Protein chains: 2
Amino acid sequence: MTLGNGSPTAGNPPTCGACPAFQDNLCHIFTDATFADALVDTKIDDHFAPARRSLWRAGDPLERVPVICQGWAATSATLSDGRRQILSFLLPGDLVSAALIFDPVIHCSVDAVTDLRYRAFPRAELKQALARKPKLLAIVSRFSAKESARADRLAIDLGRRGAAARIASLILTLAERLRKRGMMPDKTMDFPLRQHHIADAVGLTVVHVGNIIAEFRRAGLLEINERSLTIADQPGLSRIADEL
Amino acid sequence: MTLGNGSPTAGNPPTCGACPAFQDNLCHIFTDATFADALVDTKIDDHFAPARRSLWRAGDPLERVPVICQGWAATSATLSDGRRQILSFLLPGDLVSAALIFDPVIHCSVDAVTDLRYRAFPRAELKQALARKPKLLAIVSRFSAKESARADRLAIDLGRRGAAARIASLILTLAERLRKRGMMPDKTMDFPLRQHHIADAVGLTVVHVGNIIAEFRRAGLLEINERSLTIADQPGLSRIADEL
DNA sequence: CGTGAGCTTGACTTGTTTCAACCAACGTGG
DNA sequence: CCACGTTGGTTGAAACAAGTCAAGCTCACG
């Protein structure tokens with residue numbers, strides 16, 4: 001099981017346990033010493049999954065709350081006829097879903113995009129710690145708010161923006177998230193997504209996505225090769241993302 | 001101040017101020033006598049707004065957490081070019097947004113659809129009560145989960161379903177929510193939405209929405225007159241909502 | 001060497017938007 | 001009481017965005 005593809009590359013990133021460091025998400029909470037004390041009885045088990053493996057399906061019961069440590073994953077819903085909508089991409093450090101802290105059944109499917117490492121935390125102790133530590137509660141609630149802000153943003157894109165804007169917006173958002181956790185020091189980022197991931201995320205066809213990305217490339221906005229994407233003209237992309 | 005007895009629901013029709021009873025949302029929490037004790041210092045002020053009035057814009061600071069008591073409202077985001085996406089409709093008993101309990105700034109705009117009555121609760125005391133009462137925390141978290149499930153559902157509809165399915169789905173969802181709070185005893189419901197509301201909610205044009213609703217009517221699926229909608233053929237509508 | 005997953009390209013079809021005109025209902029001020 | 005503007009709904013034709021179908025290509029992998 002090689003953990004090569006989506007793993008953090010650039011420089012030597014600060015660590016959070018075995019994870020890279022994140023300013024803006026939950027991961028550091030789980031390794032915070034004081035919080036760790038609260039979870040002293042806890043066995044925090046590591047798990048691995050290969051790229052393209054389905055981790056959980058909507059409705060599955062989860063006794064533990066998983067957090068992504070390495071690699072990318074996607075949460076999605078699939079319609080009866082096979083069409084799929086990706087609801088969010090999970091990056092290293094992301095809690096799979098804040099709702100899982102209270103609800104033991106997951107409400108959407110989760111698939112590994114790259115080879116993946118994640119950790120699962122026992123719900124009961126999370127809940128107890130949450131009740132004891134208002135600070136922790138605040139952090140979780142902030143995470144939850146961000147989660148729902150992303151969902152709203154997605155709805156706005158899908159409902160009211162054209163194909164080019166949606167794709168540009170997705171790429172910029174991912175870049176921003178990676179930048180925040182120190183995984184995109186320059187204009188280039190690890191980009192493990194296939195076109196069908198993008199298509200499912202922005203509600204378009206693979207063909208159409210391919211066409212538009214080709215346009216972006218011809219217009220000198222970005223370059224994609226191998227498993228990496230470099231943003232050549234950020235302001236240009238932003239302009240497209242904001243328009244129509 | 002013990003929140004212990006929890007919901008006042010069972011048996012006799014509980015009232016929420018002048019609101020009808022709700023099984024499935026927060027409103028009864030706020031009028032529960034025991035909870036009211038915890039908020040004894042609180043001035044719970046009533047507010048009114050006429051139809052079509054904008055209550056708050058994205059980014060506005062709210063010192064208090066509003067709950068809808070009477071009428072319908074909509075949360076929405078507006079793009080620079082004037083296009084608008086409605087993110088959710090707020091019905092009597094709905095907390096405007098669970099995030100507001102922790103975050104004093106609202107992340108999307110709220111407009112009154114009909115004449116509106118709402119109440120605003122002081123955040124600080126909500127937070128305190130939340131920390132003291134795990135049960136209350138569970139309720140809020142359940143509400144929050146439902147909120148985000150709705151957002152996900154919206155994204156799926158907008159990304160992967162056709163116009164007819166989106167509209168049918170919206171109508172059925174609203175009907176179901178009204179039914180749950182006893183506001184739709186039979187096949188007919190109060191329906192204050194204009195076609196432009198529907199269009200903004202499902203990400204389509206007003207004209208296209210008009211066309212499709214006309215089709216629905218011709219197919220004997222539903223009837224709309226005055227300010228009320230009756231679902232003539234629920235299974236038929238459901239079939240459309242699930243397809244494509 | 002063959003196979004399958006992923007990307008590219010082109011011709012054609014479908015769904016949705018845009019533009020425009022028209023109608024009915026309603027409230028307002030003269 | 002009527003003239004009038006506004007809001008909301010309906011209809012039709014033309015323009016456009018995105019989907020479908022199909023073929024051919026590369027590349028990694030067994």
Side-chain angles (χ1 to χ4, degrees), chain A residues 2 4-5 50-53 74 79 81-85 111-115 157-168 170 191-219 222-229 240 243-244, chain B residues 50-53 74 79 81-85 111-115 157-168 191-219 222-229 240 243-244:
Chain A
T2 50
N5 279 359
R52 313 174 87 260
R53 160 97 92 243
L79 276 57
D81 66 344
R83 290 161 186 258
R84 187 171 82 136
Q85 176 66 45
D111 302 271
V113 173
T114 67
D115 288 337
D157 283 354
L158 295 180
R160 287 305 184 200
R161 284 202 234 262
R166 293 185 212 173
I167 295 173
L170 172 65
F191 195 75
L193 301 185
R194 316 279 90 206
Q195 290 191 350
H196 78 81
H197 287 123
I198 303 180
D200 286 345
V202 298
L204 296 169
T205 322
V206 188
V207 213
H208 202 212
V209 167
N211 286 330
I212 288 175
I213 287 184
E215 274 181 39
F216 283 178
R217 198 160 15 204
R218 278 191 291 270
L222 49 75
E223 283 164 37
I224 306 184
N225 25 27
E226 286 308 311
R227 235 111 269 217
S228 84
L229 184 153
I240 291 182
E243 275 170 16
L244 193 124
Chain B
R52 315 176 85 262
R53 162 96 93 239
L79 275 57
D81 66 342
R83 291 162 185 256
R84 188 172 80 135
Q85 176 66 46
D111 302 272
V113 173
T114 65
D115 287 340
D157 283 355
L158 295 180
R160 287 307 186 197
R161 283 203 233 264
R166 293 187 212 172
I167 296 173
F191 195 76
L193 301 185
R194 317 277 93 208
Q195 290 192 347
H196 79 84
H197 287 121
I198 303 181
D200 285 344
V202 297
L204 295 169
T205 323
V206 190
V207 275
H208 202 211
V209 167
N211 287 329
I212 288 177
I213 288 184
E215 275 181 38
F216 283 177
R217 201 163 13 206
R218 277 191 290 269
L222 50 73
E223 285 165 37
I224 306 183
N225 26 28
E226 285 310 309
R227 238 107 274 212
S228 84
L229 183 154
I240 291 181
E243 275 170 19
L244 193 123

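Only a predicted model underlies this, so the values are computations on that prediction, with no experimental measurement involved. Throughout, protein chains are lettered first and strands after them, A, B, ... in sequence-line order, and every chain is numbered starting at 1.
- Among the atoms of the strands shown, only primed sugar atoms or phosphate atoms (P, OP1, OP2) are found under 4.0 Å from some heavy atom of B/Arg217.
- Rounding to whole angstrom units, NE2 of residue B/His196 and P of D/dT6 are separated by 16 Å.
- A donor-acceptor contact shorter than 3.5 Å is absent between the side chain of B/Gln85 and the backbone of A/Asp157.
- Note on A/Gln195: a side-chain N or O is less than 4.0 Å away from OP1 or OP2 of C/dT8.
- Taking atom CG of A/Asn225 as the reference point, atom C1' of C/dC7 lies 14 Å away to the nearest angstrom.
- Comparing C/dT16, D/dG19, D/dG9 by their nearest atom to the side chain of A/His208 picks out D/dG19.
- Per the geometry, CD belonging to A/Glu215 stands 13 Å off C1' belonging to C/dT9, to the nearest Å.
- Side chain of B/Ala163, nearest nucleotide from C/dT18, C/dT16, D/dG9: C/dT16.
- Contact check, A/Arg161 against D/dA17: no side-chain N or O comes under 4.0 Å of OP1 or OP2.
- Ion pairing between A/Asp200 and B/Arg160 holds under the 4.0 Å rule for side-chain N and carboxylate O.
- In this entry the distance linking CG of B/Asp157 with P of C/dG15 reads 18 Å, nearest Å.
- If you check D/dG19, C/dG6, C/dT9 against the side chain of A/Val207, the one that comes closest is C/dT9.
- Proximity of a side-chain donor or acceptor of A/His197 to a complementary backbone N or O of A/Arg194 within less than 3.5 Å is detected.
- Listed candidates were C/dC7, D/dG9, D/dG19. Nearest to the side chain of B/Arg194 is D/dG9.
- Residue B/Leu204 contributes atom CG, which lies 10 Å from atom C1' of C/dG15 at whole-angstrom precision.
- Listed candidates were C/dT8, C/dT9, D/dG9. Nearest to the side chain of A/Arg218 is C/dT9.
- As judged by a 4.0 angstrom heavy-atom cut-off over every strand, A/Ile213 is placed among residues making no nucleic acid contact.
- Counting non-hydrogen atoms of other residues, nucleotides and ligands closer than 6.0 Å to CZ of B/Arg217 gives a total above 12.
- Atom-to-atom, CZ of A/Arg227 to C1' of D/dT26 comes out at 13 Å; the value is rounded to the nearest Å.
- Across the interface with DNA chain C, nearest-nucleotide mapping of B/Glu226 and B/Gly203 shows B/Gly203 to be the residue nearer the 5′ end.
- Under 4.0 Å is where a charged nitrogen must lie from a carboxylate oxygen, and between B/Arg52 and B/Asp115 no such pair does.
- The listed nucleotides are C/dG6, C/dT17, D/dG9; the one nearest the side chain of A/Arg52 is C/dG6.
- Look at CD1 on B/Ile240: it is 14 Å from P on C/dG15, rounded to the nearest Å.
- Considering only the side chain of B/Ala214, D/dT11 comes nearest among D/dT11, D/dG19, C/dT17.
- Summarising the geometry, the separation between CG on A/Leu193 and P on C/dC7 is reported as 10 Å, rounded to the nearest angstrom.
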